[in-house]
Amino acid sequence: MTVRTRFAPSPTGYLHIGGVRTALFNWLFARHHGGTFILRIDDTDTARNVDEALQPILDGLLWLGIDWDEGPRVGGPHEPYFQSQRADRHCLAVEALLASGHAYRDFSRPEELDLERKAAQAAGAAFIYSRRFAAMTDADCNRFIAEGRSSVVRLKMPRTGSLTIVDLVRGPVEFAWQREQDHVIQRANGSCLYHLASVVDDQDLAITHVIRAEEHLSNTPRQAFIAMSLGYKLPTYAHLPLVAEPGSRTKLSKRKLSQYLKNADFSQITDHGTRIAERVGLTVQSDTFNPVVVDFYREVGYLPWAIVNYLALLGWSYDDHTEFFSRDELISRFSLEKINSSPASFDPKKLWAVQDHYMRGATMAEKLAVMLPFLQRAGLVPSSPTAETLSLVQSIVEASGDRLKVAGDILAYADFFLVDHPLMDQAAVRLRLEKPGIGSLLGSYRKSIAELSEFSKISLEESLKKIVADAGLKTGDFVHAVRVAVTGKTVGPGLYDCLFILGRESVLRRIDSAIKLCPPATT
RNA sequence: GGCCCCGUCGUCUAGAGGUUAGGACACUGGCCUUUCAAGCCGGCAGCACGGGUUCGAUUCCCGUCGGGGUCACCA
């Protein structure tokens, strides 16, 4: 039997990190078994613009390298892959359930049901619908219609016995039928509800393994009832541990996006990301630019595989020491058996470390490919850069080394190289330049640079150290001032790298400007 | 509240009767150093609790406590 798994997001306008993890595990399981990974769009909630809300989800999955064999854009033998377009199949299933007595038309009014529910509550008992408005016969039906009632279709759930499903992550789980409600499967307006639709679609798409988040575990009995009543073979279920908020066990919720933007655990990557976004003129909105949404990472310049590798480790592990996997390794090593059953909290700092690892390992070509667009969007490099500019950028990337954690970091390290006059950090100027004697030291250094027979990192360093030694100072006393003088800031790549990349003319010019900021010599 | 799931360092985890309970991230002390980053060396920190079973339980069973999920004419 060929494995067929699916990820079935509803078009919400963004790709949630928890959703990605579910998609990833489905994808990995299918790829591992040489099976088929299907993307189905559960767009039963027709209110929103599907195209627009779907785009970010498809783009996000593709960016991460999670590709699907059947679904939107690629089609497949079981089209359509949009739940809303399969309504006729759902209705047919409802008819079949009605005909076989596994469902019934219910003419109760919402307030009548409420009354029953409240009565049960008051009595301290679990609510079990009386079915007194259930039309079990045509005669009942006609009578209720004559009363002017409208109806929904409900499942006629068993009230004795139990169901045991064998979950691939959790093992056997037993549910007493008595606790289940007569869930509505078709609304008064004739449209069908998610659970019915989902079961029918899974059957029609020949899904063999339903791999989804644990929040669906409680929904399984009603879905299993629908499937069994329809004569379907039950798929194998695997309920993944929830992805929880940082430092907590509470589900990472899509309804709390704006809270996460202010969450202290997220603040490091959120603030860092926001600085980058601002420099490229990105509008920062909580429902898209948010560390719980995949777009955030793309916009800030994370490497997609770093995200995937990190997410794979959330609830799954291969052994006691391996944590970095290539795509092929991850696919060959993945198994449902190694999935943990307890919730895993999302740790932004660990993600950051994984990203750091992959950025270090990236080749120069890869780094340039991801970083150049940031420089271009920030207006520091033209859209069609010359070979000279490209080589300058490459030097900057090289000199910056592993200070560049995400692609967007290039902005902070490259900006002063790419403009004529660096933006001077006023605090840095006060700290490093507005000190007695600095002006004359800079003057000396300027002079020796101008006279350097060979402009190289080594000669730059030697001449600086000579000046410092002559003045009876330590290197550190002067290096910081030079850095601020030429770059405008206190941090950056190695000083001699900076000077060398800037070139003699530019360095001299910058030192001249900086000297004007220093206090005049007292003698 | 009912039902279901879960419970090893702060976090992700290894462990599947006998281990000095291992690793990673984070945190932290020191060294190095022109900033930052990195690097090197070191440190802190965990089996929720109580009963069983057993010669022996982190590991198996029961209970307690704790956490989470779910109980819609949402998906």
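All chains are named by letter (A, B, ...) in the order of the sequence lines, taking the proteins before the strands, and each is independently numbered beginning at 1. Given the structure is predicted, the values throughout are model-derived calculations rather than measurements.
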For this session: Side chain of Val491(A) only, please: which of rG69(B), rU35(B), rU13(B) is the nearest?
Result: rU35(B)

Problem set entry | Pair partner, rU19(B) [Watson-Crick or wobble, under 3.5 Å] | none

Exercise. Which residue, Thr475(A) or Leu314(A), contacts RNA chain B at a nucleotide closer to its 5' end, judged by nearest heavy atom?
Worked result: Leu314(A)

Exercise. Would a distance-only check, ignoring hydrogens and angles, find a side-chain to backbone donor-acceptor pair under 3.5 Å from Asp182(A) to Arg154(A)?
Worked result: no

For this session: Would you indicate which nucleotide in rA75(B), rC12(B), rC5(B) comes nearest to any side-chain atom of Arg249(A)?
Result: rC12(B)

Problem set entry | Short side-chain to backbone donor-acceptor contact, Arg483(A) and Lys489(A), under 3.5 Å | no

For this session: Applying side chain to side chain contact (heavy atoms under 4.5 Å, CB included) between Arg6(A) and each of Asp201(A), Ile211(A), Ile207(A), report the one that passes.
Result: Ile207(A)

Problem set entry | Atom C1', compared across rC47(B) and rU20(B): separation rounded to whole Å | 15 Å

Exercise. Choosing from rA14(B), rC73(B), rU35(B), which nucleotide comes nearest the side chain of Lys338(A)?
Worked result: rA14(B)

Exercise. Is Arg132(A) salt-bridged to Glu112(A), going by a charged N under 4.0 Å from an acidic O?
Worked result: no

Exercise. So, is Ser345(A) near the phosphate of rC12(B), with a side-chain N or O under 4.0 Å from OP1 or OP2?
Worked result: yes

Exercise. With a non-hydrogen cut-off below 4.0 angstrom, is Ser218(A) in contact with a base, only sugar-phosphate, or nothing?
Worked result: base

Exercise. Does a side chain donor of either Glu116(A) or Ser130(A) reach within less than 3.5 Å of an acceptor in the other side chain?
Worked result: yes

Problem set entry | Any strand: nucleotide that pairs with rC65(B) via Watson-Crick or wobble, under 3.5 Å | rG7(B)

For this session: Could you give the distance separating rA75(B) and rC71(B) at their P atoms, to the nearest angstrom?
Result: 12 Å

Seminar exercise, completed: Result for 5'-nearest mapping on RNA chain B, choosing between Arg154(A) and Leu242(A), is Leu242(A)

Exercise. Do the side-chain N or O atoms of Ser341(A) get closer than 4.0 angstrom to the phosphate oxygens (OP1, OP2) of rC5(B)?
Worked result: no

For this session: Remember a base hit wins even if backbone is also touched, and classify Tyr496(A) as base, sugar-phosphate or nothing at under 4.0 Å, heavy atoms.
Result: base

Problem set entry | Letter per nucleotide, 5' to 3', of nucleotides 23-33 of chain B [B base touched, S only sugar-phosphate touched, - untouched; heavy atoms, 4.0 Å] | SBSS-------

Exercise. Say you pick atom P in rC6(B) and the same atom in rA48(B); how far apart are they, in whole Å?
Worked result: 15 Å

Exercise. Counting any heavy atom closer than 4.0 Å, what does Val152(A) reach on the DNA or RNA strands: base, sugar-phosphate only, or nothing?
Worked result: base

Exercise. What one-letter contact string describes nucleotides 37-42 of chain B from 5' to 3', where B marks a base within less than 4.0 Å of any protein heavy atom, S marks contact via sugar-phosphate atoms alone, and - marks no contact?
Worked result: BS----

For this session: Just compare rC4(B), rC74(B), rC73(B) and give me whichever is closest to any side-chain atom of Phe175(A).
Result: rC4(B)

Exercise. Of the nucleotides rC5(B), rG69(B), rC74(B), which has the atom closest to the Arg170(A) side chain?
Worked result: rC5(B)

Exercise. rU13(B), rA72(B), rG69(B): which one has an atom nearest the side-chain heavy atoms of Arg117(A)?
Worked result: rA72(B)

For this session: Please tell me if the side chains of Ser335(A) and Leu28(A) come closer than 4.5 Å, counting only heavy atoms from C-beta onward.
Result: no

Exercise. Would the Phe266(A) and Phe346(A) ring centres measure less than 6.0 Å apart?
Worked result: yes

Exercise. What about the rings of Phe334(A) and Phe25(A), do their centers lie closer together than 6.0 Å?
Worked result: yes

For this session: State whether Arg179(A) places a side-chain N or O below 4.0 Å from either non-bridging phosphate oxygen (OP1 or OP2) of rU70(B).
Result: no

Exercise. Counting heavy atoms not belonging to Ile145(A), are there more than 12 under 6.0 Å from its CD1?
Worked result: yes

Exercise. Are Phe133(A) and Phe107(A) close enough that their ring centres sit under 6.0 Å apart?
Worked result: no

Exercise. For rA14(B), does OP1 or OP2 lie under 4.0 Å from any side-chain N or O of Asn340(A)?
Worked result: yes

Problem set entry | Among rG69(B), rU35(B), rC5(B), the one nearest Leu217(A) by side-chain distance | rC5(B)

For this session: For rA21(B) and rG63(B), measure between their C1' atoms and round to the nearest Å.
Result: 26 Å

